[in-house]
Structures are given as structure tokens and as C-alpha cells.
Amino acid sequence: MKRGLFITFEGADGCGKTTQIKLLDKYLCSQRYTTLLTREPGARGLGEKLREILLNYEGEVSPMCESFLFLADRAQHVDCIIKPAIENGVYVLCDRHTDSTLAYQGYGRGLDIDRIKLLNNIAVNGLKPDLTIVFDIDIKTSLSRIGTKKDRMESAGIDFFNRVRAGYINIAKQEPDRVKIVDASDTIDNIHKKVVELVKQL
Ligand SMILES: Nc1ncnc2c1ncn2[C@@H]1O[C@H](COP(=O)(O)OP(=O)(O)OP(=O)(O)O)[C@@H](O)[C@H]1O
Ligand SMILES: [Mg+2]
């Protein structure tokens with residue numbers, strides 16, 4: 001069985017990840033590829049319970065606890081869903097993955113970057129995306145797209161999100177072969193075309 005592909009979609013809240021991942025999924029299906037559209041946190045099962053805590057818990061959550069909850073979800077997701085699918089030749093499209101933890105808990109919350117990288121590596125047990133697309137946009141614009149109903153992560157404030165955005169740009173500079181930045185202020189259609197181009201290059 002030919003190995004599938006693993007493509008992750010990253011960027012700050014409201015940048016357009018979910019919109020674009022659905023369009024790419026539709027495109028790949030039209031080209032007769034077998035795809036799996038999934039997300040973090042909380043793809044299904046246990047993950048959905050962790051997602052509920054991560055996005056809606058109203059009490060205090062320490063940055064390290066938050067990181068471990070995301071990592072616990074990721075370990076389960078990789079072992080039970082992502083790896084088996086890739087091994088079966090599926091094109092796995094994942095809405096957020098390791099770079100979110102690096103950008104949000106590392107650059108955003110200020111936890112040690114190398115430590116987060118190490119914890120990420122333990123959680124994914126060696127799996128690396130073949131391609132990661134980071135949707136980059138001015139934070140005020142992306143947050144205005146989401147509107148007023150924000151979850152726990154989305155309520156973290158503009159300075160936090162500016163650090164997250166700068167974090168993603170750093171990640172892309174460090175791994176230019178894997179991580180590609182796309183201007184997310186463009187129209188949905190133009191962004192989709194760029195995404196398809198990047199996937200074709202694979
Ligand atoms: N290029 C675009 N131009 C204008 N509006 C857009 C664009 N892309 C997405 N949107 C709109 O912005 C909102 C947020 O988009 P989307 O849910 O895809 O972002 P997201 O990155 O998945 O957000 P989150 O991190 O909160 O899951 C949606 O209402 C969507 O229709
Ligand atoms: Mg989304």
C-alpha cells in the first residue's frame with residue numbers, strides 16, 4: 001500500500017483554516033483521492049471530551065496543564081486515527097497540529113520553545129507533516145471574522161495573538177521546506193488556488 005500524505009493547516013483564530021481545509025478536501029475528492037478531514041483538539045471519542053475542557057472550562061488552567069491536555073489529545077489522535085490512515089494511503093488533512101502548541105503555548109503563553117518541541121515529538125512519536133500551510137493575517141482582521149462569541153482560547157487578547165502570529169512566522173523560517181505561509185487576507189477563492197498549488201508541488 002502506497003503511503004498517504006499528512007497536511008496540516010495552521011494560523012491564528014479566524015484566519016480561514018477550516019474554510020480552506022474543507023475546500024481542499026472537496027478538491028482532492030474530485031480528483032479521486034481518499035481523504036480524511038480531521039482536527040485538533042478533539043477529532044472524536046476521548047478527544048471530544050478534551051476539546052470541551054480546552055475550549056470551554058472556565059476555572060484556572062495553567063499553561064503547562066493546557067499544553068499537556070493538547071498533547072494528550074494529539075497522542076491519541078496520531079496513534080488511533082492519523083497514522084493508521086496515512087499507512088492506508090489516505091490523504092490526511094488536519095485542522096491544527098503540533099505547530100499550534102508551539103505557537104500558542106510556546107510563543108503565546110511564553111513556555112520554553114525547546115521543551116514544547118520535545119513534548120510535541122513525544123506526543124507524535126516521530127510523525128511529521130509532509131506539508132504545513134500557515135494562514136497569515138493581521139490579528140484584528142482575523143478576530144473580527146470570528147465575531148463576538150469567543151471560546152476560552154479566542155478570548156486571550158490581542159497581544160497574545162500577535163505573539164502567536166510572530167511565532168508561526170518564526171516556525172516557517174526555521175522549517176521552510178515543510179512550512180509554507182499563505183497570505184490569508186486575500187479572497188477565499190484566491191487562497192484556495194494557492195493551497196492547491198502547494199499540494200500539487202508535493
Ligand atoms: N479569505 C477570507 N475572506 C473573508 N472571510 C473569510 C475568509 N476566509 C474565511 N472567512 C470567514 O471568516 C470566518 C472564520 O473562518 P474559519 O472558520 O475558516 O477560520 P478558522 O481559522 O478555522 O478559525 P478558528 O481558528 O476559530 O477555527 C468564517 O466566517 C469564514 O467564512
Ligand atoms: Mg476553524
Side-chain angles (χ1 to χ4, degrees), residues 6-29 35-44 47-58 61 63 66-67 69-71 73-74 77 81-82 92-109 120 129 131-169 171-172 179-199:
F6 182 34
I7 304 173
T8 58
F9 283 55
E10 295 279 2
D13 299 65
C15 66
K17 298 176 295 298
T18 305
T19 304
Q20 291 299 326
I21 205 168
K22 285 181 183 164
L23 288 175
L24 179 64
D25 186 48
K26 213 169 145 193
Y27 169 81
L28 289 173
C29 289
T35 63
L36 172 70
L37 201 172
T38 187
R39 68 169 183 192
E40 290 184 10
R44 60 172 146 92
E48 281 178 306
K49 294 210 184 286
L50 292 170
R51 181 182 178 93
E52 172 62 24
I53 297 171
L54 280 161
L55 300 189
N56 298 324
Y57 181 70
E58 286 179 357
V61 183
E66 181 179 275
S67 304
L69 288 170
F70 277 113
L71 290 159
D73 171 64
R74 180 160 307 133
H77 192 206
I81 299 174
I82 299 177
V92 178
L93 311 179
C94 190
D95 197 337
R96 294 195 178 285
H97 187 62
T98 44
D99 298 306
S100 284
T101 313
L102 208 50
Y104 281 70
Q105 281 69 46
Y107 290 96
R109 302 259 192 242
N120 259 336
L131 170 67
T132 296
I133 305 174
V134 170
F135 297 92
D136 182 58
I137 187 170
D138 168 73
I139 293 300
K140 282 199 178 124
T141 313
S142 63
L143 290 182
S144 74
R145 284 181 182 173
I146 300 174
T148 48
K149 200 177 170 296
K150 295 184 171 61
D151 66 32
R152 194 181 69 83
M153 294 303 295
E154 288 165 351
S155 307
I158 198 93
D159 290 347
F160 172 81
F161 281 110
N162 277 320
R163 290 195 298 275
V164 168
R165 183 187 186 194
Y168 274 122
I169 291 169
I171 294 168
V179 185
K180 307 293 180 192
I181 292 186
V182 167
D183 176 4
S185 64
D186 209 341
T187 64
I188 290 176
D189 218 39
N190 282 345
I191 298 170
H192 173 59
K193 284 184 188 131
K194 285 182 193 155
V195 168
V196 168
E197 272 313 303
L198 288 171
V199 174

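Every number for a ligand or one of its atoms is a count from 1 in the order of the listing.
- Judged purely by distance below 3.5 Å, without hydrogens or angles, the side chains of R74 and T101 pair a donor atom with an acceptor atom.
- A donor-acceptor contact shorter than 3.5 Å is absent between the side chain of T38 and the backbone of C94.
- Of the protein's heavy atoms, R145 NE, 3.6 Å lies nearest to atom 5 (N) of ligand 1.
- Checked by atom type and distance alone, the side chain of K17 never pairs as donor or acceptor with a backbone atom of R96 at under 3.5 Å.
- Closest protein heavy atom to atom 27 (O) of ligand 1: T18 OG1, 3.9 Å.
- Considering backbone and side-chain N/O atoms, G14 comes within less than 3.5 Å of an N/O atom of ligand 1.
- Neither the backbone nor the side chain of H192 comes within 4.0 Å of ligand 1, counting heavy atoms alone.
- Within the 4.5 Å cutoff, the side chain of I133 has no heavy atoms near those of the Q20 side chain.
- One finds a salt bridge joining D189 and K193 here, because a Lys/Arg side-chain nitrogen approaches an Asp/Glu carboxylate oxygen to under 4.0 Å.
- Between the Mg ion (ligand 2) and T18 there is an N/O/S contact shorter than 2.8 Å.
- Interface of I191 with ligand 1, defined as ligand atoms under 4.0 Å from a residue heavy atom, comprises 1 (N).
- The closest donor-acceptor contact from the side chain of E40 to the backbone of F70 lies at 3.5 Å or more, if one exists at all.
- Geometrically, R109 engages F160 in a cation-pi contact defined by less than 6.0 Å to the ring centre and at most 45° from the axis.
- Any N or O atom pair closer than 3.5 Å counts here, and K17 shares at least one such pair with ligand 1.
- Atoms of ligand 1 lying under 4.0 Å from at least one heavy atom of R96, given by number and element, are 25 (O).
- Nearest non-hydrogen protein atom to atom 26 (O) of ligand 1 is E154 OE2, 2.9 Å.
- Residue, atom and distance of the protein heavy atom nearest to atom 30 (C) of ligand 1 are T19 OG1, 3.7 Å.
- Of the protein's heavy atoms, G16 N, 3.1 Å lies nearest to atom 19 (O) of ligand 1.
- Taking any N or O of Q20, backbone or side chain, none lies under 3.5 Å from an N or O belonging to ligand 1.
- Within the 4.0 Å heavy-atom shell around ligand 1 one finds D186.
- Within the 4.5 Å cutoff, the side chain of L198 has no heavy atoms near those of the I7 side chain.
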Next on the checklist: Please determine whether side-chain contact (heavy atoms from CB on, under 4.5 Å) holds for the pair R145 and I137, giving the CA-CA distance in whole Å, both sets of side-chain angles, and the decisive distance to 0.1 Å.
Outcome noted: CA-CA 11 Å; R145 284 181 182 173; I137 187 170; 3.4 Å; yes
